[in-house]
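The figures that follow rest on heavy atoms only: side chains count, while hydrogens, waters and symmetry mates do not. Atoms within a ligand are numbered from 1 in the order they appear, just like the ligands themselves.
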Amino acid sequence: MQNPFPYSDDNKRYHTLYYHNKHTFGGRVYKAVLDGGFTCPNLDGTKGTGGCAFCDGGSGAFTKPLPITEQLSLEMRRIRKKVPDARAIAYFQVHTNTYAPVSRLHELYEEALRFPGIIGLSVGTRPDCLPEDVLDYLSELNDRTALTVELGVQTVHDRTAQRFGRGYDFAEFLQGYEKLQSRGIRTCLHIINGLPGELFPDMLETARVLGALKPQAVKLQLLHILQGTRYAESWRQGDITPMSQDAYMDTVVRQLEWFPPETVIERVTGDGEKAKLLAPLWSMDKISTLGGIDKLQAELDSYQSKAL
Ligand code: SF4
């Protein structure tokens, strides 16, 4: 069957990051994961102390962060073992990476951008941590490098967000998102499927509402139960049932139908730390999930944007 999806050079029926990088940067681009030593309003007492119920504080490899240049040396060595001349985006991933005075952000981001082979920045943050001076600096960065700001909205449903303790409501998310969009900053929205209290129609609604915002990118992920999180305790007590692989794949296929074709789907599976993963264990087999999504899309003649 012919692939009806336009932003694809192969059998993929969604706009992959691989396709985006190939057509934007002329080839594969990797992510160098960094820990800038930030905290989060959900951890430092500003909005809470326990963090979101699924959060283990990010998946950074460094418990006590090394200087950015040292982290990048390690990351680029890891990446260049596979591809000797690889280029990478410096990805400030751990906790809330705009939650510091702008002078500190400047030090960290500029150090990363000076590192050989780094061609852009990705900054994971919250919509309530984007004050005007930070937005001004991000705008300035946006003019001279490939910048993405990643927002972990996870769901559009406030009742779910209250349950896991996100610390801001959907209206506040929209304000932060619009501030980024009005400045032309590429924004990637994170969605988590399988959050306690949500059923298939809730997850589909999240995709429908976020798709209507026409984000430049999204990451679709599965709720991972990780050691040391509040959800780990609920799972042990039998209060949380993780999604099955079939239910997850079916949900993702239907969610993709609600995103515009231009939205880059940066991820359709989670990337939780294997050593900390308690459930669901099937999620460790990413190849099977990726292949299953492709197969299901073909069987259903489904593709990104089909519902629009
Ligand atoms: S906002 Fe992010 S870093 Fe902060 S507690 Fe929630 S998931 Fe963790």
Residue Gly51 vicinity, atoms of ligand 1 by number, heavy atom under 4.0 Å: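 The atoms of ligand 1 under 4.0 Å from a heavy atom of Gly51 are 5 (S).
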For Cys40, the ligand 1 atoms whose distance to one of its heavy atoms is below 4.0 Å: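 In order of number, 1 (S), 3 (S), 4 (Fe), 5 (S).
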Any residue meeting ring-ring contact (aromatic ring centres under 6.0 Å, His included) with Tyr91, in chain and number order, not counting sequence neighbours: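 Tyr91 satisfies ring-ring contact (aromatic ring centres under 6.0 Å, His included) with no other residue.
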Any residue meeting side-chain contact (heavy atoms from CB on, under 4.5 Å) with Asp239, in chain and number order, not counting sequence neighbours: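 For Asp239 the side-chain contact (heavy atoms from CB on, under 4.5 Å) partners, ignoring immediate neighbours, are Ser234, Gln237.
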Value rounded to 0.5 Å, distance of CG in Leu141 from CD in Glu110: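 Answer for the CG-CD pair, Leu141 versus Glu110, is 6.0 Å.
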Heavy-atom proximity to atom 6 (Fe) of ligand 1, best of Ala53, Cys52, Gly152, Cys55: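 Ranked by closest heavy atom to atom 6 (Fe) of ligand 1, first place is Cys52.
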Structural part of Arg126 in contact with ligand 1, heavy atom criterion under 4.0 angstrom: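 It is the side chain that gets close, since no backbone atom is under 4.0 Å.
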Main-chain N/O of Val29 paired to Arg87 side chain as donor or acceptor, under 3.5 Å: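 Pair absent, no side-chain N/O of Arg87 close to backbone of Val29.
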